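Numbers for residues simply follow the sequence, beginning at 1. Nothing here was measured: the structure is a model prediction, and the numbers come from that model.
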Amino acid sequence: MFIFENKDATQEIEFQNSNFSKADSLFKLSKDLDALRFRAPEKFNEIINEQAKKYNVGVAQIDSIFKSKSPHGIIGNNLMVDHLHPNVEGYMLIGKAFYETMKKLNYLPKKENPQILFEKQDSITRENFVFTKLDSIIGNNVVTLLKNDWPFTNSKSPLSNMELLNPKDFLDSISLKYIENKISYSDAYLEAATINLRLDNIIDYLDYMNILIYKYPGLKDIKTAIKYFYEQRKVNPQDYTSKRLGIISIYNNDFTSAIKYLNESFKSNPKDEEVLYNLAFANTKLNNIDSANEYIRKCLELNPKNSKCLLFKKKLLETN
């Protein structure tokens with residue numbers, strides 16, 4: 001539910017008394033009378049339904065769906081960021097509702113069956129949605145700043161953005177810099193990617209880089225992006241060690257490049273267990289089983305208790 005400043009408001013009293021149906025009606029009336037212009041009055045829904053009936057057009061009943069997904073049937077912060085805009089989960093529900101309504105009314109093509117069932121499409125979309133923790137933090141921070149000014153409060157908060165948002169980690173700090181127009185959106189993503197790379201969080205690094213490339217197709221791929229940002233002096237080439245490039249290549253299923261980079265790293269540090277393990281893994285993917293066994297042997301010579309290498313050796317023995 002949305003929290004109102006006036007704790008004596010009738011809608012709040014009805015809600016606290018568990019009169020949820022009456023509270024919902026009063027919350028909607030409050031929304032319709034709100035001084036904030038970013039709102040969708042209930043009259044809009046009446047007009048939409050009237051016109052749909054008049055012209056025999058299908059309507060996705062988003063309001064009913066949102067109510068069914070909301071505590072006590074009262075739509076609030078769980079699916080909305082203000083009196084008009086849904087949050088990410090809200091938009092997901094809207095997309096699903098549109099599809100199901102079109103399917104129910106036979107608006108979809110009938111010539112071919114879907115290659116992927118809708119239920120699976122929905123889960124795949126959620127798993128691969130181009131949206132990161134940084135996007136979520138930026139969105140939440142923008143809403144926090146919005147709701148600390150009129151008409152959500154009687155006066156603008158005396159706190160600075162730094163005090164109000166209270167950044168706790170590097171993603172919070174990047175978000176603050178972006179909100180204050182100190183860096184661009186692409187640079188915010190690049191900074192998040194670079195810090196994750198320096199922390200050797202390769203999966204998170206790749207998430208940010210791949211989404212950056214998705215949003216800016218001119219970058220084409222990670223190699224092109226690295227070259228571009230290096231030329232713009234926005235990345236440090238020392239961050240891209242042979243070891244890291246090798247691990248990045250493994251995650252991108254480029255095992256030939258992975259072996260090339262990891263061999264370079266091995267020559268400079270032949271006692272790096274992680275490099276040896278990844279060389280074994282990459283060689284297995286290219287069916288170079290003898291080489292894989294050799295790297296696992298070297299890894300276990302360095303550390304006979306290396307659990308990853310022991311498990312990998314067991315799997316090699318089982319498959320060969």
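Asn263 is not listed as a side-chain neighbour of Val275, based on a closest heavy-atom distance of 4.5 Å or more. Residues Tyr205 and Ile248 are in side-chain contact: their nearest non-hydrogen atoms beyond the backbone lie under 4.5 Å apart. Contact annotation: the side chain of Cys309 never approaches that of Glu273 to less than 4.5 Å [non-hydrogen atoms, C-beta and beyond]. Looking at heavy atoms from C-beta onward, Asn141 lies out of side-chain contact with Leu176 at the 4.5 angstrom threshold. Side chains of Ser175 and Ile179 form a contact here, defined as non-hydrogen atoms less than 4.5 Å apart.
The pair Lys67-Asp63 does not meet the salt-bridge criterion, since no charged nitrogen lies less than 4.0 angstrom from a carboxylate oxygen. With respect to Glu89 and Arg126, a salt bridge is recorded, a charged nitrogen being found less than 4.0 Å from a carboxylate O. One finds a salt bridge joining Lys177 and Glu191 here, because a Lys/Arg side-chain nitrogen approaches an Asp/Glu carboxylate oxygen to under 4.0 Å. The pair Lys28-Asp24 meets the salt-bridge criterion, with a side-chain N (NZ, NE, NH1 or NH2) lying under 4.0 Å from an Asp/Glu carboxylate O. Salt bridge status for Lys133 with Asp207: absent, with no side-chain N to carboxylate O gap under 4.0 Å.
Residues satisfying the side chain to side chain contact (heavy atoms under 4.5 Å, CB included) criterion with Lys227, sequence neighbours excluded, are Glu231.
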Side-chain donor/acceptor pairs under 3.5 Å, residues 46-53, sequence neighbours excluded:
from  : atom 1 : to    : atom 2 : distance (Å)
Glu46 : OE1    : Lys43 : NZ     : 3.4
Asn49 : OD1    : Gln61 : NE2    : 3.3
Asn49 : ND2    : Asn45 : O      : 3.1

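Note that OG of Ser249 is 10.0 Å distant from CZ of Phe255, once rounded to the nearest 0.5 Å.
In Gln238, the CD atom is not crowded: 12 or fewer heavy atoms of neighbouring residues, nucleotides or ligands sit closer than 6.0 Å. Around atom NZ of Lys260, no more than 12 heavy atoms belonging to other residues, nucleotides or ligands sit under 6.0 Å away.
Side chain of Asp135 to main chain of Thr132: a donor-acceptor pair is present (N/O by atom type, distance under 3.5 Å, no hydrogens or angles). Put simply, the side chain of Asn196 gets close to the backbone of Ala192: a donor and an acceptor are under 3.5 Å apart. For the pair Arg244 (side chain) and Arg198 (backbone), a donor-acceptor distance under 3.5 Å is present.
Counted by atom type alone, Tyr185 and Lys215 present one or more donor-acceptor pairs between their side chains at under 3.5 Å.
Checked against a 6.0 Å centroid threshold, the rings of Phe15 and Phe20 count as neighbours.
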